[in-house]
**Q** 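First the structure, then my questions, so here it is.
Scope of the values below: all heavy atoms of this structure, side chains included, with no hydrogens, waters or symmetry mates.
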Protein chains: 2
Amino acid sequence: MTETPRWLSPAQQNAWRCFVRMQEKLNGRVSRDLQAESCLSAADYRVLVHLADAPDGRMRSSDLARSVEWEQSRMSHQVARMVKRGLVCREGCFKGGRGTFVVITPDGRRAIAEAAPRHVETVRRLFIDLLTPDELRTLARVSRRVVEQLEK
Amino acid sequence: MTETPRWLSPAQQNAWRCFVRMQEKLNGRVSRDLQAESCLSAADYRVLVHLADAPDGRMRSSDLARSVEWEQSRMSHQVARMVKRGLVCREGCFKGGRGTFVVITPDGRRAIAEAAPRHVETVRRLFIDLLTPDELRTLARVSRRVVEQLEK
DNA sequence: TAGCTCTAGTTGTCACATCAACTATCATGC
DNA sequence: GCATGATAGTTGATGTGACAACTAGAGCTA
């Protein structure tokens, strides 16, 4: 019953390994740079970007989770840590008690405003500027295709 | 003193976001599938692949760390967890005490042998088979270039 | 109003990654 | 011998992620 597995060709295997290696190194480096320059983790950055964009810098926890594509529990833990560092705060919801708002604080705004330009510069230097427009287009196209398949 | 940051063009921003999103989803899914089908995490898998390839299934801890490109401490923690589950064991080194070997156990060999075909199939289904040979070549080329830049 | 289910959100547990601190062995030079 | 430094390896603290269990309000319906 065990079918012969369709192993990858050498070229495929090589491509996959290069790709995995690149992801690991790039993510590690981008996160480390961000952390070093702004004391924000990639997760912090992401949450702050979304909050700063929202009207009044506030979003319901579940909406926030949806928009960064995380599970609620992950968001809850993350927000708890960010509250402790004063980047955001929680606010009980309007009528009744069923909702929680997450609100960016002035410190949070300052942090993201300072971090953003350097972060963009890092992404440029370590990635974007190394690719031709054509390569970038290919990458975007492939990425969309893979994501689409994953969401099926 | 604050220079105008060179923000990304819409196309660049889009490409970067698609790419990041793809990585997250793909990694998450591949790891989850691996875990579900074989009770191995991506880290376990990686360690086992390298050990199974080594003569006698044994490597010095530091060599193992080097070959999977991890820090020693990460490897040490990982090996500790794997020892607890019986996938590998540690063996004091030959003369004197300065080294430690990590050795794959029969259970470890069984686990990796069972996991590999399904894992390859997953990688194929979710990634490799979705790309044309040309796209795959581009991806490999770009990955090598980015890694090279990171290692400078 | 009691009972049910849905959704929102929190919490605990464990796996994992990183960093700094620590121990132990080896190699060298005096 | 013994100081000194380099290398190998472990450990603990902390932040982070995934998952399951739990709490609690909202809406429905009998």
Side-chain angles (χ1 to χ4, degrees), chain A residues 23-36 38-47 58-103, chain B residues 23-36 38-48 58-85 87-103:
Chain A
Q23 286 181 79
E24 280 172 5
K25 298 218 164 206
L26 184 59
N27 281 333
R29 179 63 180 279
V30 167
S31 309
R32 233 172 306 119
D33 279 18
L34 184 62
Q35 185 83 58
S38 64
C39 295
L40 295 179
S41 68
D44 298 333
Y45 186 88
R46 186 146 167 192
V47 169
R58 67 168 55 229
M59 285 180 84
R60 278 191 62 160
S61 173
S62 48
D63 293 335
L64 185 54
R66 238 186 312 279
S67 74
V68 301
E69 303 191 88
W70 286 355
E71 286 177 25
Q72 280 240 334
S73 107
R74 180 171 175 185
M75 184 56 76
S76 190
H77 284 299
Q78 178 68 31
V79 167
R81 286 185 297 260
M82 293 176 77
V83 165
K84 228 187 315 187
R85 288 185 296 143
L87 298 168
V88 301
C89 59
R90 287 195 228 252
E91 268 181 31
C93 209
F94 40 132
K95 22 185 88 172
R98 78 201 160 303
T100 318
F101 276 118
V102 182
V103 190
Chain B
Q23 286 181 79
E24 282 172 3
K25 298 217 164 206
L26 184 58
N27 280 333
R29 179 63 181 278
V30 168
S31 310
R32 230 170 311 120
D33 278 18
L34 184 61
Q35 185 83 58
S38 64
C39 294
L40 294 179
S41 68
D44 298 333
Y45 185 89
R46 187 147 165 190
V47 169
L48 289 180
R58 65 168 56 229
M59 286 180 85
R60 277 190 63 160
S61 173
S62 47
D63 293 335
L64 184 54
R66 238 188 312 280
S67 74
V68 301
E69 303 190 271
W70 285 355
E71 287 176 25
Q72 280 239 338
S73 107
R74 181 172 175 184
M75 185 56 76
S76 189
H77 283 300
Q78 178 67 34
V79 167
R81 285 186 297 261
M82 292 175 77
V83 166
K84 226 186 314 184
R85 286 187 295 142
L87 297 168
V88 301
C89 58
R90 285 196 229 253
E91 267 181 31
C93 209
F94 41 132
K95 24 186 83 173
R98 78 202 159 303
T100 317
F101 276 118
V102 182
V103 191

**Q** So, is A:Gln72 close to the C:dG9 phosphate, meaning a side-chain N or O under 4.0 Å from OP1 or OP2?
**A**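 Affirmative; the distance criterion is met.
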**Q** When the distance from CG of A:Leu40 to C1' of D:dT16 is rounded to whole Å, what number comes out?
**A**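 Whole-Å distance recorded here is 15 Å.
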**Q** So A:Arg81, base contact, sugar-phosphate only, or nothing? Heavy-atom distance under 4.0 Å.
**A** base
**Q** Examine the base of D:dG9 for any acceptor or donor lying under 3.5 Å from a partner atom in the side chain of B:His77, and report the outcome as yes or no.
**A**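 There is none.
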**Q** How many angstroms lie between atom CZ of A:Arg58 and atom SG of A:Cys89, to the nearest 0.5 angstrom?
**A**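 The distance works out to 8.0 Å.
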**Q** Nearest whole angstrom, please: distance from the C1' of C:dC14 to the CG of B:Asp44.
**A**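 About 13 Å, once rounded to whole Å.
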**Q** Let's see if you can work this out: which of D:dG9, C:dT10, C:dA8 has an atom nearest to the side-chain heavy atoms of A:Arg66?
**A**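 Selected nucleotide (nearest to the side chain): C:dA8.
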**Q** What distance separates A:Arg81 CZ from A:Asp44 CG, expressed to the nearest 0.5 Å?
**A** 8.0 Å
**Q** When B:Val88 is tested against each of B:Leu64, B:Leu48, B:Val103 for side-chain contact (heavy atoms from CB on, under 4.5 Å), which residue passes?
**A** B:Leu48
**Q** Rounded to the nearest 0.5 Å, how far apart are CE of A:Met59 and CZ of A:Phe101?
**A** 10.0 Å
**Q** Take the protein atom CD of B:Gln78 and the nucleotide atom C1' of D:dT10, then report the distance between them rounded to whole Å.
**A** 15 Å
**Q** B:Glu71 has an atom CD; how far is it from atom C1' of C:dC22, in whole Å?
**A**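 Interatomic distance, CD of B:Glu71 to C1' of C:dC22: 16 Å.
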**Q** Figure out the CE/C1' separation between B:Met59 and D:dA8, and round it to whole Å.
**A** 15 Å
**Q** With sugar-phosphate meaning primed atoms plus P, OP1 and OP2, does A:Ser61 contact a base, only sugar-phosphate, or nothing at under 4.0 Å between heavy atoms?
**A**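 Sugar-phosphate only.
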**Q** Which whole-number value in Å describes the distance from A:Met75 CE to C:dG9 C1'?
**A** 12 Å
**Q** Looking at every strand, decide which applies to A:Arg74 at a 4.0 Å heavy-atom threshold: base, sugar-phosphate, or nothing.
**A** sugar-phosphate
**Q** Could you tell me whether A:Glu24 and B:Arg46 have a side-chain N and a carboxylate O separated by less than 4.0 Å?
**A** yes
**Q** Which comes earlier along DNA chain D counting from the 5' end, the contact point of B:Arg32 or that of A:Arg85, where each point is its nearest nucleotide?
**A**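 Nearest-nucleotide comparison on DNA chain D picks A:Arg85.
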**Q** With distance as the sole criterion, do the side chain of B:Ser41 and the base of C:dC16 form a donor-acceptor contact below 3.5 Å?
**A**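 No, no donor-acceptor pair under 3.5 Å.
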**Q** Determine the contact category for B:Ser62: base if any of its heavy atoms lies under 4.0 Å from a base atom, sugar-phosphate if only primed atoms, P, OP1 or OP2 are that close, otherwise nothing.
**A**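 B:Ser62: backbone/sugar contact only, no base atoms under 4.0 Å.
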**Q** Under 4.0 Å between a side-chain N or O of B:Arg90 and OP1 or OP2 of D:dT10?
**A**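 Yes.
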**Q** Measure CG/B:Leu87 against P/C:dA15 and give the value in whole Å, please.
**A** 12 Å
**Q** Over all strands shown, is A:Ala80 touching base, sugar-phosphate only, or nothing at heavy-atom distances under 4.0 angstrom?
**A** nothing
**Q** For A:Ser73 and B:Gln35, take the nucleotide of DNA chain C holding the closest heavy atom to each; which residue's nucleotide lies nearer the 5' end?
**A**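 Comparing both residues, the 5'-ward one is A:Ser73.
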**Q** When the distance from NZ of A:Lys84 to P of D:dT14 is rounded to whole Å, what number comes out?
**A** 10 Å
